[in-house]
Amino acid sequence: NVPEKPIVYSICEWGTNQPWKWGAEAGNLWRTTPDIKPIWPSVLAIYEANVRLYKYASVGAWNDPDMLEVGNGKLTYEENKSHFSLWCMMASPLLSGNDVRDMTSVTLETLTNPEIIAINQDVLGRQAERVIRHDKYDVWAKPLSDGSVAVMCLNRFDEPVTVHLNDKTIPGVTTNTGIRDVWLHKELGKFPQGMNVELGAYQCKVFIFKK
């Protein structure tokens with residue numbers, strides 16, 4: 001007898017038949033969108049489709065908004081970083097779509113940031129929920145298995161914005177919570193009563209609000 005081997009089964013019908021409603025009974029991940037392209041409008045469109053499906057994601061059953069385009073096309077550094085951060089916050093499968101034989105050191109550094117990958121791989125298996133929707137920016141919160149909360153601020157547009165965070169807008173966060181910036185790899189101290197996050201064009205910032 002040949003021993004059984006565990007496999008991961010990926011369903012791909014591009015979200016046509018709402019696989020997030022039945023995919024967990026048939027496989028482990030399911031495409032939720034049409035094919036992605038290495039341009040910022042495509043990344044945003046894919047994100048907008050997938051962000052609404054957070055309640056269907058769980059351990060071993062994932063919404064798949066298609067492979068990563070980090071390092072492809074003419075995506076800028078900030079667009080690549082925001083793209084990767086979005087997929088990590090959405091607990092999406094991280095499938096590199098670039099040619100790994102020919103990539104820059106910046107692309108490699110983006111794709112291998114251990115702190116943002118740890119958010120994606122957290123064993124609680126929760127997809128982030130959008131908690132603030134503004135005309136120009138979004139804020140997401142993703143609960144983690146140790147009781148901490150990952151928070152992402154995203155500027156969707158090409159001009160600077162200021163995002164204001166406080167303990168009433170982020171679920172599970174208090175003014176005694178410690179903050180870490182996962183892209184700067186830096187502790188930022190305790191969360192004050194109000195915190196302004198400055199974002200450049202298409203930029204994101206991701207924080208861990210510690211338990």
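These values consider heavy atoms only, across backbone and side chains, with no hydrogens, waters or symmetry-generated copies.
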Practice task
Output, in order, the C-alpha distance, side-chain angles, deciding distance and verdict of side chain to side chain contact (heavy atoms under 4.5 Å, CB included) for Leu154 and Trp140.
Solution key: CA-CA 8 Å; Leu154 170 70; Trp140 290 26; 5.8 Å; no

Practice task
Starting at NZ of Lys210, measure out to CG of Asp146 and round the result to the nearest 0.5 Å.
Solution key: 9.5 Å

Exercise for the section: Determine, stepwise, if the pair Ser96 / Val70 fulfils side chain to side chain contact (heavy atoms under 4.5 Å, CB included). Expected result: CA-CA 7 Å; Ser96 296; Val70 175; over 6 Å; no

Handout entry: Transitive ILVMFWY side-chain link Met195 to Ile208, under 4.5 Å
Key = no

Problem - Closest non-hydrogen atom pair, Glu79 against Tyr202 - result: OE2-CD1, 3.4 Å

Practice task
Please confirm whether the backbone N or O of Thr76 pairs with a side-chain atom of Asn80, one donor and one acceptor, at under 3.5 Å?
Solution key: yes

Problem - Main-chain N/O of Asn166 paired to Thr169 side chain as donor or acceptor, under 3.5 Å - result: yes

Practice task
Please examine the side chains of Val139 and Val163, heavy atoms only from C-beta on, and report whether any two atoms are closer than 4.5 Å.
Solution key: yes

Practice task
Taking all non-hydrogen atoms of both residues into account, name the closest pair between Gly97 and Asn72 and its distance.
Solution key: O-ND2, 3.2 Å

Problem - Pro143 vs Leu124 side-chain heavy atoms within contact, under 4.5 Å - result: yes

Handout entry: For Gly125 against Val59, the heavy-atom pair lying closest together
Key = CA-CG2, 4.1 Å

Problem - Sidechain-backbone polar pair: Trp22 side chain, Asn17 backbone, donor-acceptor under 3.5 Å - result: yes

Completion exercise
The reported gap from OG1 in Thr177 to CG in Asp167 (rounded to nearest 0.5 angstrom) is 8.5 Å

Handout entry: Ion pair check, Glu109 and Lys81, cut-off under 4.0 Å
Key = no

Handout entry: Atom pair NE2/SG of His134 and Cys153 - distance to nearest 0.5 Å
Key = 12.5 Å

Practice task
Decide, yes or no, whether a salt bridge links Arg126 with Asp122 under the criterion of side-chain N to carboxylate O below 4.0 Å.
Solution key: no

Exercise for the section: Rounded to the nearest 0.5 Å, what's the gap from OG1 on Thr32 to CH2 on Trp62? Could you check? Expected result: 14.0 Å

Problem - Thr112 side chain vs Leu108 backbone, donor-acceptor pair below 3.5 Å - result: yes

Problem - Min side-chain heavy-atom separation Arg156-Asp138 under 4.5 Å - result: yes

Handout entry: In one Ile/Leu/Val/Met/Phe/Trp/Tyr side-chain cluster, 4.5 Å: Met90, Leu29
Key = no

Problem - Electrostatic pair Glu48-Arg133, nearest N-O below 4.0 angstrom - result: yes

Practice task
Check the side chains of Ser85 and Ser82 for a donor-acceptor pair under 3.5 angstrom, ignoring hydrogens and angles.
Solution key: no

Handout entry: Trace of the side chain to side chain contact (heavy atoms under 4.5 Å, CB included) decision for Ile132 with Tyr137
Key = CA-CA 8 Å; Ile132 298 177; Tyr137 64 79; 4.0 Å; yes

Exercise for the section: May I ask you to decide if the ring planes of Phe84 and Trp183 are parallel, tilted or perpendicular, using 30° and 60° as cut-offs? Expected result: perpendicular

Completion exercise
dist Leu94:CG -> Leu111:CG (nearest 0.5 Å) comes out at 9.0 Å

Handout entry: Between CZ on residue Arg180 and OG on residue Ser148, distance to nearest 0.5 Å
Key = 12.0 Å

Problem - Side-chain (Trp87) to main-chain (Asp66) donor-acceptor, under 3.5 angstrom - result: yes

Exercise for the section: Treating Ile, Leu, Val, Met, Phe, Trp and Tyr as nodes and any side-chain heavy-atom pair under 4.5 angstrom as an edge, say whether Ile46 and Leu68 lie in one connected cluster. Expected result: yes

Practice task
Compare all side-chain heavy atoms of Lys142 with those of Ile119 and state whether any distance is below 4.5 angstrom.
Solution key: yes

Problem - Under 3.5 Å: donor-acceptor pair, side chain of Asn113, backbone of Val182 - result: yes

Problem - Polar side-chain atom of Thr107 near backbone of Met103 as donor-acceptor pair, under 3.5 Å - result: no

Exercise for the section: Compare all side-chain heavy atoms of Asn50 with those of Ser92 and state whether any distance is below 4.5 angstrom. Expected result: yes

Completion exercise
Heavy atoms of Val131 and Ala141 approach each other most closely as CG1-CB, 4.0 Å

Practice task
Without swapping roles, check the side chain of Glu187 against the backbone of Gly189 for a donor-acceptor pair under 3.5 Å.
Solution key: no

Exercise for the section: Check whether any side-chain heavy atom of Cys204 sits under 4.5 Å from a side-chain heavy atom of Leu199, and report yes or no. Expected result: no

Problem - Test item: Glu159 and Asn155 side chains (from C-beta on) under 4.5 Å apart, heavy atoms - result: no

Completion exercise
Between Met152 and Val206, the two heavy atoms sitting closest are CG-CG2, 3.9 Å

Practice task
Test Trp30 against Asn63 for side-chain hydrogen bond (donor to acceptor under 3.5 Å, both in side chains), laying out the working first.
Solution key: CA-CA 6 Å; Trp30 45 85; Asn63 294 312; 2.9 Å; yes

Problem - Student check: side-chain heavy atoms of Glu78 and Trp40 closer than 4.5 Å - result: no

Handout entry: Hydrophobic cluster identity match, Ile36 and Trp14, side-chain contacts under 4.5 Å
Key = no

Handout entry: Glu115 and His185 side chains, donor-acceptor separation under 3.5 Å
Key = yes

Handout entry: Listed partners of Tyr54 passing ring pair (Phe, Tyr, Trp, His ring centres under 6.0 Å), at least two apart
Key = none

Handout entry: Side-chain donor/acceptor of Asp99 to backbone N/O of Arg101, under 3.5 Å
Key = yes

Problem - Polar side chain donor-acceptor pair, Glu69 to Asn98, under 3.5 angstrom - result: no

Practice task
Check whether Ile179 and Met89 end up in the same hydrophobic cluster, where Ile, Leu, Val, Met, Phe, Trp and Tyr are linked by side-chain heavy atoms less than 4.5 Å apart.
Solution key: no

Handout entry: Ring-ring centroid check Phe191 Phe209, cutoff 6.0 Å
Key = yes

Problem - Nearest atoms (heavy-atom pairs only) where Gln127 meets Leu53 - result: NE2-C, 4.0 Å

Exercise for the section: Give a yes or no answer on whether the side chain of Glu13 reaches the backbone of Thr16 with a donor-acceptor pair at less than 3.5 Å. Expected result: yes

